[in-house]
Protein chains: 2
Amino acid sequence: MNQSELSRFVVQRRKALKLTQPQLADKVGVGLRFIRELEAGKPTLRMDKVNEVLRFFGCQLGPVPIERSASNNNELDGHA
Amino acid sequence: MNQSELSRFVVQRRKALKLTQPQLADKVGVGLRFIRELEAGKPTLRMDKVNEVLRFFGCQLGPVPIERSASNNNELDGHA
DNA sequence: CGGTTTTATACCTGATAGGGTATGAAATGG
DNA sequence: CCATTTCATACCCTATCAGGTATAAAACCG
C-alpha cells in the first residue's frame with residue numbers, strides 16, 4: 001500500500017489533534033477499519049467516505065495537479 | 001446528484017479535448033457508465049477509478065480546502 | 001423539419017468495499 | 001523490564017459499485 005499524499009495528510013492531521021484511529025473513526029462516524037485503510041493508502045476507497053473524513057479537517061477531495069502532490073511535500077498537507 | 005467540483009472539472013476537460021463520453025471512457029480504460037456517473041457528480045465513486053480518469057488530465061485526487069473548491073470556480077478547474 | 005450524434009436512465013450481475021471483530025505486533029511509558 | 005495503549009492484519013457478511021447493455025431523451029446540424 002503506497003503511502004499516498006492523502007494517507008499522510010490524514011495521519012498528520014489526526015496526530016495534530018492528538019486523536020487515535022478509533023477516536024477519529026468515532027468522531028467522523030466511519031468505521032475504524034476504514035480509517036486504517038485510508039491511512040495505509042488503500043487506493044480503492046470510496047470517495048464519499050474519504051470526504052467524510054476530510055470534511056472533519058475542513059477539506060475534501062478535489063482534482064490536483066500531479067506534480068504538486070506526488071513528489072512535493074506541500075503546504076496544505078505539510079504543517080498547519 | 002450534485003454537480004460537484006470534480007464533475008465539472010471532468011466535463012470541462014473532456015470537452016476541451018473534443019472528446020465524447022465513450023471516447024474518454026475508452027481512452028482512459030474505464031467503463032462508459034462510470035464516466036457518466038462521474039460527470040453526473042455521483043459521490044460514492046471509487047477513488048482509484050476517478051484517479052484513472054484524472055491522471056488522463058494530469059491530475060489526481062487530493063485533499064483540498066473546502067472553501068477553495070466548494071463555492072469558487074477556480075484556476076485549476078476553470079480554464080486551460 | 002428529420003437524421004445523426006451525444007448523453008441520460010434503467011436493468012442485471014459479479015466483484016469488492018466497508019463494517020464489525022478478534023488477534024497479534026509494535027510503540028509507549030511506568 | 002513489564003503493562004498499557006495504539007496500530008496492523010485477517011476473517012465473515014452485507015450492500016453496492018462498476019461494467020455491460022438497451023432504450024429514450026436531448027442536443028446538434030443539415
Side-chain angles (χ1 to χ4, degrees), chain A residues 1-64 66 69 73 77-79, chain B residues 1-64 69 73 77-80:
Chain A
M1 292 279 202
N2 212 357
Q3 269 282 79
S4 66
E5 169 192 20
L6 182 61
S7 64
R8 277 189 301 249
F9 175 81
V10 173
V11 174
Q12 284 191 21
R13 279 293 223 277
R14 175 175 64 80
K15 292 195 172 168
L17 298 182
K18 305 280 188 196
L19 293 176
T20 68
Q21 289 174 339
Q23 286 170 336
L24 179 60
D26 198 47
K27 290 221 174 203
V28 170
V30 66
L32 169 57
R33 235 207 39 219
F34 180 82
I35 296 289
R36 299 251 154 94
E37 292 176 335
L38 173 54
E39 293 196 356
K42 184 176 182 182
T44 61
L45 298 170
R46 265 173 41 183
M47 280 206 314
D48 61 330
K49 298 288 177 190
V50 177
N51 274 326
E52 288 183 44
V53 176
L54 290 187
R55 196 162 319 130
F56 182 77
F57 298 129
C59 292
Q60 76 188 105
L61 283 178
V64 168
I66 282 193
S69 53
N73 278 16
D77 349 337
H79 49 72
Chain B
M1 291 279 201
N2 212 358
Q3 269 282 75
S4 66
E5 169 192 21
L6 182 61
S7 62
R8 277 189 302 250
F9 175 81
V10 173
V11 175
Q12 284 192 23
R13 280 292 222 278
R14 174 175 64 79
K15 291 194 171 169
L17 298 182
K18 306 279 189 198
L19 294 177
T20 68
Q21 289 173 340
Q23 286 170 335
L24 179 60
D26 197 48
K27 290 221 172 200
V28 170
V30 65
L32 168 58
R33 237 206 41 220
F34 180 82
I35 297 289
R36 299 249 155 95
E37 292 175 335
L38 173 54
E39 293 196 357
K42 184 175 181 181
T44 61
L45 298 171
R46 263 173 43 182
M47 281 205 316
D48 61 331
K49 297 288 176 189
V50 177
N51 274 325
E52 287 182 45
V53 176
L54 290 187
R55 203 175 349 254
F56 182 77
F57 298 128
C59 292
Q60 77 188 108
L61 284 178
V64 167
S69 53
N73 279 17
D77 347 341
H79 52 71

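Below, chain A is the first sequence line, B the second, and so on; all start at residue 1. Keep in mind that this is a model prediction, so the values were computed, not measured.
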Rounded to the nearest 0.5 Å, what separates atom CZ in B:Arg46 from atom CD in B:Glu52? 8.5 Å
May I have the distance from B:Ile35 (atom CD1) to D:dC17 (atom P), rounded to whole angstrom? 17 Å
Please tell me if the side chains of B:Leu17 and B:Leu24 come closer than 4.5 Å, counting only heavy atoms from C-beta onward. no
Figure out the CG/P separation between B:Asn51 and D:dC17, and round it to whole Å. 18 Å
Between protein and nucleotides 11-14 of chain D, what N or O pairs are separated by less than 3.5 Å?
none

For B:Pro22 versus B:Leu32, what's the shortest heavy-atom pair and its separation? N-CD1, 3.7 Å
Here the salt bridge (charged side-chain N to carboxylate O under 4.0 Å, His left out) pairs for residues 35-44 of chain A, sequence neighbours left out, are A:Arg14-A:Glu39, A:Arg33-A:Glu37, A:Glu37-A:Lys42
Which heavy atom in A:Ser4 sits nearest to a heavy atom in A:Gly41, and how many Å separate them? OG-CA, 4.2 Å
Sub-3.5 Å pairs of nitrogen or oxygen atoms, protein against nucleotides 28-30 of chain D:
none

Is the shortest side-chain heavy-atom distance between A:Val10 and A:Val50 below 4.5 Å? no
Rounded to whole Å, CG of A:Leu24 lies from P of C:dG18 at a distance of 15 Å
Nearest heavy-atom contact between A:Arg13 and A:Cys59 is NH2-SG, 4.4 Å
Please find the pair of heavy atoms, one from B:Leu38 and one from B:Ser7, that lie closest to each other, and give the distance. O-CB, 3.3 Å
Relative orientation of the end axes in the helix from C:dC1-D:dG30 to C:dG30-D:dC1, expressed as an angle to the nearest 10° (five pairs per end): 60°
From A:Asp48, A:Asn51, A:Leu45, residue fulfilling side-chain contact (heavy atoms from CB on, under 4.5 Å) relative to A:Leu61: A:Asn51
Hey, could you give me the CG/CD distance between B:Leu6 and A:Gln60, rounded to the nearest 0.5 Å? 9.5 Å
Could you list, one pair per line, each protein nitrogen or oxygen that sits under 3.5 Å from a nitrogen or oxygen of nucleotides 3-8 of chain C, together with the distance?
residue	atom	partner	partner atom	Å
C:dT7	OP1	B:Arg14	NH1	2.7
C:dT7	OP1	B:Arg14	NH2	3.0
C:dT7	OP2	B:Gln21	N	2.9
C:dA8	OP2	B:Gln21	NE2	2.8
C:dA8	N7	B:Arg36	NH1	3.2

Do B:Phe9 and B:Val53 have side-chain heavy atoms sitting under 4.5 Å apart? no
Answer yes or no: is there a side-chain heavy-atom contact under 4.5 Å between A:Val30 and A:Phe56? no
Quick check on contacts: within residues 40-50 of chain B, what sits under 4.0 Å from DNA chain D by heavy-atom distance? B:Lys42, B:Thr44, B:Leu45, B:Arg46, B:Lys49
